[in-house]
Amino acid sequence: MKIGVLSVQGAFAEHIDKLKGMGADCIELRQRADLEQSFDGLILPGGESTVQGKLLQELHMLTPLRDRIRQGFPVLGTCAGLILLAQKISNDDAVWFGTLPVCVRRNAYGRQLGSFHTEAEVTGIGKVPMTFIRAPYVESLIADDSEILARVDGRIVAVKYGNQIGVAFHPELDEDQRIHEMFLQMCKSKVL
Ligand code: GLN
């Protein structure tokens, strides 16, 4: 199993460490040529979605990756990665990949609650530790068949839509591996 981790900005190294610790191979996706290599799934890390989106555009990586996601390629977007996937951002005009039919709110928890740690139930997994850093949440689902995987205080913080998983928190920063395991399972089932 080889996972491509978008590595233009943000917390990509933490995802790579985690995946390697779980026995998966990783490649860093830094430029368009890196997309020529073969890999079985894509991770979009946390960071700054506007910076990442602009870099993806400048590096001509946005369109080829969007095409792959649309064709069913497994993707996990965490925090800024969720924002990149979202079809709509309620407090920003930008749309980056726009493949995940949800509306997200950026920096949604305000200044006082900029960063926090909690635990919440994730469908099919159980209670998972969750670290939020200037996080978004999902305000609404645009497609009825998007699946809500988790809520914190009533707000949607994890969703699945076919081959796409988006989480508002940073699973790469906690020791728990189950979100990554869920993603690797999805990649495996696509490869088989
Ligand atoms: N606030 C960032 C954004 O809007 C996301 C924060 C994160 O990825 N930790 O892109």
Side-chain angles (χ1 to χ4, degrees), residues 3-19 26 28-30 41-59 61-62 65-66 69 74-120 122 128-142 148-153 155-161 164-180 182-183:
I3 304 300
V5 180
L6 181 67
S7 303
V8 295
Q9 191 268 339
F12 54 88
E14 291 82 351
H15 275 289
I16 292 172
D17 285 350
K18 172 144 248 159
L19 289 165
C26 293
E28 293 184 5
L29 306 176
R30 294 180 173 273
L42 169 67
I43 288 194
L44 306 173
E48 179 53 51
S49 56
T50 309
V51 175
Q52 293 184 4
K54 286 186 177 157
L55 283 167
L56 281 167
Q57 254 167 357
E58 281 166 23
L59 294 162
M61 294 168 81
L62 193 69
L65 284 175
R66 181 194 289 125
I69 296 169
V75 60
L76 168 64
T78 63
C79 202
L82 164 64
I83 299 169
L84 289 183
L85 288 173
Q87 220 171 70
K88 193 166 170 12
I89 306 171
S90 64
N91 53 346
D92 194 323
D93 290 333
V95 178
W96 303 106
F97 290 114
T99 50
L100 182 65
V102 298
C103 176
V104 299
R105 168 164 288 268
R106 287 183 69 189
N107 301 319
Y109 292 92
R111 275 174 184 269
Q112 309 89 315
L113 214 57
S115 302
F116 62 99
H117 187 82
T118 188
E119 270 191 2
V122 175
V128 167
M130 298 181 178
T131 300
F132 291 83
I133 304 171
R134 286 175 295 102
Y137 60 69
V138 174
E139 268 188 354
S140 58
L141 305 181
I142 295 173
I148 297 171
L149 295 180
R151 292 182 189 260
V152 168
D153 296 332
R155 292 184 161 142
I156 304 167
V157 297
V159 288
K160 181 170 187 290
Y161 179 73
Q164 305 177 59
I165 299 172
V167 303
F169 52 95
H170 283 265
E172 76 285 7
L173 297 183
D174 283 299
E175 282 192 10
D176 197 283
Q177 300 186 333
R178 288 171 294 162
I179 297 286
H180 287 79
M182 172 171 71
F183 176 62

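Just so it is clear, the model here is predicted, and its values are computed rather than measured. Counting starts at 1 for both ligands and their atoms, following the listed order.
In summary, the side chains of R106 and T50 do present a donor paired with an acceptor at a separation below 3.5 Å, with no hydrogens or angles considered. Side-chain contact of T131 with H117: a donor-acceptor pair under 3.5 Å is present, judged by distance alone. There is no side-chain donor-acceptor pair under 3.5 Å between Q87 and T99.
Proximity of the aromatic rings of Y137 and Y109 is defined here by a centroid distance below 6.0 angstrom, and this criterion is met.
When side chains are defined from C-beta on, I133 does not count as touching F116, because their heavy atoms never get closer than 4.5 Å.
Near ligand 1, residues G46, G47, E48, S49, C79, A80, I83, R106, N107, I133, R134, H170 come within 4.0 angstrom through at least one heavy atom.
Applying the side-chain hydrogen bond (donor to acceptor under 3.5 Å, both in side chains) criterion to Q9, with sequence neighbours excluded, gives Q52.
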